[in-house]
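The chains referred to below are lettered A, B, ... by the order of the sequence lines, with proteins before strands, and numbering in each begins at 1.
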Number of protein chains: 2
Amino acid sequence: MSPRKSVVEAAATRTRIIERALTLGAVNGLEGLTIGHLATDLGMSKAGVIGHFGTKEALQLAVVDEAVERFRARVPGHALGARPGLERLSRAFEEWIAYMTEDEEHRGCFLTSVAMEYDERPGPIRDVILTALARWSDYVTAELDEAVTAGELPRDTDIPQLVFELGGIALAVQQAILLNHDPSAADRGRRAIRRILNKPTPQVLGS
Amino acid sequence: MSPRKSVVEAAATRTRIIERALTLGAVNGLEGLTIGHLATDLGMSKAGVIGHFGTKEALQLAVVDEAVERFRARVPGHALGARPGLERLSRAFEEWIAYMTEDEEHRGCFLTSVAMEYDERPGPIRDVILTALARWSDYVTAELDEAVTAGELPRDTDIPQLVFELGGIALAVQQAILLNHDPSAADRGRRAIRRILNKPTPQVLGS
DNA sequence: CCTACCGATCGGTAGG
DNA sequence: CCTACCGATCGGTAGG
């Protein structure tokens, strides 16, 4: 028997649940998560699991929140030390790719997967993801602005276009890793990003 | 009462089921499809629905097969008339983007969504998707080879890298349409592709 | 955090 | 292609 535990222990259990949910959700999707499966995996009862959140949706939101926090701590977090502009942005994408590639257990980017999963399902989960993605876009945009101001990029750079293309590369890396198990995914991603950031919208020839 | 119908009628019903499944599956995912929901939507019984396929997985496979067939008829299909190489490849991507963008009802590319959904779930569905994607990659690779041979691209072009980047752009278009409802998604995609195919791996400066 | 339980829905079958 | 039904599992609650 393990009846009501201390606040500290309860918080630790909550963390364990979210941790496990991040792993299971990466495989079966966030919607494919079930309280029963989660409980069995953790050696707990269903009531013990859901008691920490109230509803399945609240659990899902807690999982997404945790994923957002980890992404932020890791990707923009590790780029903080770099000089604003291209250097910081390169560092951030480098970090994102490393984050997606390194861990044999947690491969790919959870947020990216969930973003695709909920792209057609309105609701609070989709809203949280949209907010997180908008913040990331703002971040990338701000660094590109910085780069233009510092003269690292041409004054007529189409910044939203670059944001779009950089996002596409991250998606390509994710697919290459998860779907194709392509060991060169990280390299291809880095090369593509370097190419875009070094020679953007070459207005050299043509109109 | 609508008891056993003719072979023709049965085939028509089967098509109706798949058509509806393509719509529902685009929203809730292929795994989120339920026979009960499908039956209610079509005004049939569950047994009437599943009877055409046997199992849910067989139904899902039929849906994926149909999606693959539509993609092929539409995208490489409409590029058949174009000259091999860059012209045909541009036409194909142009067609893909149009296909994702045009229809208010069926937005995005079903196969792309399902590819993400099953990227971590081994089984026959994933296998079919992998095969379809491999065929598409081969197609793109062949046209790029053609382009190099014809002198449309530099002899030292890194073809797998281009395939990777072109795929990323398609993914970016899909996300911009479905998640962000970005009306400029198609334009951004076209511009990105034009940029890659016109000035690939600019070996001009540097080592 | 557990046992015991709820109504609803799941995929699927029997039989016509 | 339907009715009627099956065991299993879903999310969630009551009560301790």
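- Residues H106(A) and T23(A) share a closest heavy-atom pair of CE1-OG1, 3.3 Å.
- Considering only side-chain N and O atoms, T55(B) lies nowhere under 4.0 angstrom from the phosphate OP1 or OP2 of dG11(C).
- Centroid-to-centroid, the aromatic rings of W96(A) and Y99(A) stay 6.0 Å apart or farther.
- A donor-acceptor distance shorter than 3.5 angstrom exists from the side chain of E117(B) to the backbone of L30(B), with no hydrogens or angles considered.
- Across the protein-nucleic acid pair, I17(B) atom CD1 and dG11(C) atom P stand 14 Å apart, rounded to whole Å.
- In the region residues 31-48 of chain A, proximity to DNA chain C at under 4.0 angstrom, judged on heavy atoms, holds for G43(A), M44(A), S45(A), A47(A), G48(A).
- A donor-acceptor contact closer than 3.5 angstrom links the side chains of Q174(B) and S113(B).
- Atom CD of E19(B) sits in a crowded spot, with more than 12 heavy atoms from other residues, nucleotides or ligands closer than 6.0 Å.
- Of all nucleotides present, only dA8(C) satisfies the Watson-Crick or G-U wobble test against dT9(D), with each distance under 3.5 Å.
- The nearest whole Å value for the distance from the CG atom in L59(A) to the C1' atom in dG11(D) is 12 Å.
- The nucleotide dG15(C) finds its pairing partner in dC2(D), both defining distances of the Watson-Crick or G-U wobble pair being shorter than 3.5 Å.
- Using a 4.5 Å heavy-atom threshold, the side chains of L179(A) and Y118(B) count as separate.
- Distance CD1 (I50(A)) to C1' (dC2(C)): 15 Å, rounded to an integer number of Å.
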